[in-house]
Structure formats: structure tokens, C-alpha cells
Asks: 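Take this structure first; my questions come after.
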Amino acid sequence: MSSNSSRTEPIAQNIIKLISDLCFSVFVFSVLIFTVIAITYHPPDPWLESTPALTNLFTQSQNATFRIDSSVLKTGEDLAPSPQDPPLPSPPPSASAVTEAVIEKSEQQIANSTANSTADSTDSTDAALPSPPACDGTINCSNPRVRIAIQRFNLRAFKSIAFFDYQPPVNGSVAGECDVAWRFRNKRERSWRKYRDFRRFKIAVTDDCRYKVVHAGGWHSGANARRNMTRSGAARGGKTLPPRASARDDEINDTIPTLGSETNFRNGKYLYYSRGGDYCKGMNHYLWSFLCGLGEAMFLNRTFVMDLSVCLASTYNPSNKDEEGKDFRYYFDFEHLKETASIVEEGEFLRDWKNWDKTHLKKKKIPVRKVVNHKVTPMQLKKDKSTIIWRQFDAPEPENYWYRVCEGEAAKNIQRPWHAVWKSKRLMNIVTEISGRLDWDFDAVHVVRGEKAQNKELWPHLDYDTSPDVLVEKLKWMVQPWRHLYIATNEPYYNYFDKLRSNYKVHLLDDYKELWGNTSEWYNETTLLNNGKPVEFDGYMRVAVDTEVFYRGKTRVETFYNLTKDCKDGVNTC
């Protein structure tokens with residue numbers, strides 16, 4: 001008995017010891033994981049991360065002042081997609097990029113065609129098949145191998161660019177030069193919009209009778225290819241376009257959609273917001289409210305009635321006055337919005353509504369539900385069968401702000417469709433032009449000054465930290481000397497950054513004024529959009545272009561992350 005008891009006692013003790021060791025190990029492991037997370041975790045920057053992060057940023061504000069940094073403007077193509085976002089429309093079928101695998105496949109097809117041609121030289125249909133380059137140095141730009149040599153060169157030279165839709169090369173200005181056009185997209189841009197370039201290449205023949213690029217011209221140097229550049233076979237949405245030689249961007253389609261017949265109008269379901277207190281507020285406020293209305297329309301499965309008239313707040317105008325009558329299409333991609341959401345322009349909608357009432361008098365009046373209180377939630381309207389739900393915002397501020405509809409319980413159901421708002425492609429063409437002239441090989445610094453630098457109470461160190469001498473000292477540790485340096489800034493004095501010119505090839509937005517001057521493509525197209533009246537390149541457009549060029553820099557230096565310890569939104573907001 002005693003021997004059995006002595007054997008049982010150590011077993012029990014061992015089990016207890018084993019359990020205690022296991023618990024201690026779990027505790028140590030948990031502490032280790034928590035420590036690693038605490039060290040490596042960084043809160044998301046709402047402008048750089050995702051749409052939920054951006055939403056969280058705005059909802060932290062309990063009023064409509066929105067003190068968010070207005071010198072950087074993020075829209076849907078800059079934000080990381082969220083699992084909550086609905087899928088975007090499918091890109092057009094022609095959107096496959098030229099890669100090394102695609103080039104190798106083309107080479108194999110050419111080799112097979114050449115072999116077949118050699119095997120059966122009597123076949124007249126083979127007369128037009130590509131022939132190998134001549135080893136005597138003769139350059140034939142129409143040979144597909146020239147295009148392949150250029151494609152390979154571009155893939156090596158511009159690793160941040162995706163290339164599409166190469167056109168057949170044409171002769172340059174002298175023998176041995178070939179001009180070629182293509183479309184492309186920066187890989188950092190999350191949209192599938194494509195832009196144009198056409199360059200001149202000096203071509204030579206190697207010892208083994210291959211074409212190679214010995215020199216590449218700069219941005220838009222291939223003038224002969226531009227003259228032969230036609231519209232792509234498929235525009236966005238896969239619509240086939242007829243060939244058309246043009247210097248303008250033919251892929252922009254911001255025409256106003258119509259409802260069509262009376263029957264179409266009557267069978268539709270609409271959400272109509274009358275103008276509220278948001279009009280003439282800052283653009284951050286405008287987008288926050290506009291996307292609330294659009295999000296509610298999507299939640300209710302209704303067409304959103306959209307006022308294209310935008311009031312630009314005084315903060316973006318040199319006159320310091322609000323400016324009414326701006327067109328939404330100056331700033332944002334209306335074509336993408338039409339593809340992403342169900343919308344109708346307010347003027348078209350009111351005209352069709354008036355015509356219906358005039359035609360049918362009082363016999364078949366359109367069912368309308370007027371909602372005068374923003375506290376009536378979208379959930380309460382979900383089952384409403386009225387043709388038109390008309391939200392009216394007649395209360396005093398801030399009760400008449402559109403975004404109030406999406407507060408409280410509604411915030412759990414309404415997802416603002418940030419993915420639906422992209423910057424205007426006309427503005428993005430200017431961004432592409434600037435980046436292209438710098439050959440996509442530049443660094444960028446964002447220098448916030450203006451009112452923030454003057455407000456020592458909220459930003460006590462900003463003015464000093466962004467002074468020319470301090471900038472020279474700080475940037476030498478961040479940017480290599482004599483690099484192309486693009487400065488995105490709201491500093492009004494052009495010569496403010498002259499001291500940096502002794503270390504870098506400095507570029508400012510005002511160095512490219514001709515891109516929106518009275519002979520530019522942007523000027524001509526916006527004038528046409530504005531019924532023949534010239535459009536001012538205003539402060540909001542400047543910030544939009546500055547933002548996008550900045551994000552295309554290889555090295556990017558931020559004001560509130562790299563240059564100063566002040567908080568972006570003022571003291572004690574970091």
C-alpha cells in the first residue's frame with residue numbers, strides 16, 4: 001500500500017507542475033505578442049489608407065468646420081479599397097498591359113510567320129509578313145520587331161508605368177528614327193484610366209541582326225506618331241469608338257445622361273436633395289455631404305438627383321469670396337460617377353417632371369414624399385413606394401447640412417461610396433504631363449505654409465520648420481543632391497524656395513502654367529464645357545494637381561511627418 005501511494009504522489013505533483021508551466025508559457029507568449037504589436041502598430045493615416053479610415057476621420061469631428069489638411073486632396077482613386085466597398089465596373093477588355101510575357105508571345109508569332117513564309121514563298125498572302133531586320137543597318141519602322149524593341153526598352157526604363165495599346169511605329173524626322181505612340185497608366189493609380197504618350201526613338205541593328213534602342217526622346221517627342229494617333233478601339237465601359245485623329249483626350253465622356261421617354265421617367269425611383277447649408281462650404285464638407293446623399297440613394301436603390309453646380313469656397317479663391325456656378329465636371333470624373341452610380345442631372349430631372357405634370361395635368365400626378373426632417377432615417381424610407389423622395393433642408397445651420405442624414409443609427413447602414421469619386425481626367429492629364437516631362441524620375445516634398453504657418457497658436461513650429469534655410473538642411477538627409485525635386489505647396493511666393501536650387505533641380509506647379517493657359521487642351525475643353533466662357537484654373541484645381549504629382553514622386557517628404565513635429569490638425573491632435 002505504501003509503495004503504491006508513493007508512486008501516485010509524484011504523478012499528481014508532476015501533472016500540477018506541467019499545468020503551471022503550460023500556463024506560464026501561454027502568459028509569456030501573450031506578453032510577447034502584445035509587445036510586438038505595440039511596437040510595430042501605427043495608426044492609419046486617413047488620407048493614405050482606406051475608405052473606412054477616411055470615414056472615421058470625418059466622424060471624429062462633431063461640427064462642420066472640418067479642420068482637415070486642405071493642402072492635400074484625396075479622392076477614390078487614391079484610397080485603398082475596403083471590403084465594404086462594392087466592386088467597381090469591370091475594366092474594358094483592352095485593358096491588358098504589355099508585359100515581358102506578352103512581348104515574348106509576339107516574338108514567337110513573328111518567328112512562326114517568318115518560318116511559314118520561308119517554307120512557302122509562292123503563297124502571295126505571305127508577301128506582307130514581317131521580314132527580319134537587315135544586317136546592313138537599314139531601319140524599317142513598320143517592322144513589328146521595332147515595336148518590340150521599343151516595348152522592351154520602356155519596360156526597363158519606366159518600371160512604375162503600365163503600358164497599353166502601342167500603335168505601329170512611323171518614321172521620325174531622319175533615317176534611323178522611329179516615332180511611336182501608346183497609352184499608359186501609373187501603377188500607383190488605382191483607377192484604370194489611361195493616358196497618352198508618343199516619343200521618338202533612335203534605332204540601331206545589333207551584330208546578330210536585332211533591333212535595339214540607342215536613344216529615347218523625351219515626353220511627347222514623337223510628333224509624327226501623335227499625328228497618326230487614333231482613338232482606342234474600346235473606351236471605358238468597352239464601347240467601340242470609330243478611329244479619329246485628335247490631339248485631345250477622346251476617352252473623356254462627361255455628357256449629361258437623359259432619362260429618355262416619359263415611361264422611363266415614370267418607372268424610375270428617385271432621391272432628390274434640395275440645396276442645403278452645405279452650399280459654399282469647403283470641398284471636404286461638400287464631398288462628405290454629397291457622398292452621404294449618394295450613399296443613401298444606393299441604400300434605397302434609387303437614382304440620385306444631382307446638382308452639377310458647385311460653389312467654390314473662398315479658401316480656394318484669390319478674391320477670398322465664394323464663387324457660385326462652378327461645374328462638378330471641372331473637378332471630378334463625371335463619366336466614372338455615371339458608370340458607378342445611378343444618377344440624373346437635376347435640370348434634366350426637373351424638366352421631365354414638369355413635362356409629365358403638364359402632359360397629364362392632375363390625372364396621374366407623380367407620387368412624391370417630402371421629408372423635411374433629417375432625423376427621418378433612410379431605414380424608415382426603405383419601403384416607401386413613392387416615385388420621388390424629396391428631402392428638403394430648410395432648417396437653420398447646422399440642421400440643414402446633408403450629412404446629418406447619415407448620422408446616428410443611419411451611419412451603421414449608409415456606406416459613403418468614396419470609390420465613385422475620382423479627380424477629373426482633364427486635371428489628371430496635367431498631372432501626367434508634368435510627371436512625364438520629368439520622365440517619372442523625380443522626388444517630391446509637400447510643404448504646407450499659408451494660414452497654418454501664420455497661426456502660431458495651433459502650429460507653433462511650422463513657420464520655422466518650413467523656412468528656406470531649415471528646408472535645405474533637412475532635405476539633404478532625405479533627398480539625393482541634384483535630383484529633380486517637385487515641391488507641392490500652398491506658399492504663394494514663387495521665389496521662396498530659391499535656396500533649394502543650389503542643391504536640386506527644383507520644379508513648382510507655376511513652372512507649367514502653359515498646361516492650363518489659353519492655348520492648352522485643358523483651357524479649350526473647359527471653355528467648351530462652360531458654353532464658350534473661359535474657366536479659371538482655381539485654387540482647388542492647383543491643390544488637386546499638386547497632390548497627384550506629389551504622390552508620383554519616388555521619394556516623398558511630408559510636412560507633418562518629416563519636416564515638423566507640429567500636428568497636422570493643430571496642437572494636441574496627433
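Position 1 is the first residue of the sequence, and the numbers go up from there.
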Asks: Which residues pass the salt bridge (Lys or Arg N to Asp or Glu O under 4.0 Å) test with D463, not counting sequence neighbours?
Replies: R449, K456
Asks: In terms of ring plane angle, is the pair F290 and Y286 parallel, tilted or perpendicular, where the classes change at 30° and 60°?
Replies: parallel
Asks: Under a 4.5 Å cut-off applied to non-hydrogen side-chain atoms, are E323 and E536 in contact?
Replies: yes
Asks: Would you mind listing every salt bridge (Lys or Arg N to Asp or Glu O under 4.0 Å) that reaches into residues 150-164, with sequence neighbours excluded?
Replies: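 Checked against salt bridge (Lys or Arg N to Asp or Glu O under 4.0 Å) - neighbours excluded - the pairs reaching residues 150-164 are E100-R152, E107-R152.
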Asks: Passes side-chain hydrogen bond (donor to acceptor under 3.5 Å, both in side chains), Y195 versus N186? Steps please.
Replies: CA-CA 9 Å; Y195 306 90; N186 189 287; over 6 Å; no
Asks: Run the numbers on H484 and D443 for side-chain hydrogen bond (donor to acceptor under 3.5 Å, both in side chains), then give the verdict.
Replies: CA-CA 6 Å; H484 287 287; D443 300 320; over 6 Å; no
Asks: Salt-bridged, R200 to D179, with N to O below 4.0 Å?
Replies: yes
Asks: So F163 and W182, would you call those rings parallel, tilted or perpendicular, with 30° and 60° as cut-offs?
Replies: perpendicular
Asks: Applying the side-chain hydrogen bond (donor to acceptor under 3.5 Å, both in side chains) criterion to D333, which one of K425, K338, K423, R193 satisfies it?
Replies: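 Running side-chain hydrogen bond (donor to acceptor under 3.5 Å, both in side chains) over K425, K338, K423, R193 with D333 returns exactly one hit, R193.
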Asks: Charged N to carboxylate O under 4.0 angstrom, D510 versus R542?
Replies: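 Salt bridge present between D510 and R542.
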Asks: For R329, enumerate each residue passing the salt bridge (Lys or Arg N to Asp or Glu O under 4.0 Å) test, keeping only those at least two apart in sequence or located in another chain.
Replies: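 Testing R329 for salt bridge (Lys or Arg N to Asp or Glu O under 4.0 Å), a comparison that skips the adjacent residues, returns D327.
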Asks: Salt bridge check: are R426 and D254 linked by an N-O gap of less than 4.0 Å?
Replies: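 Yes.
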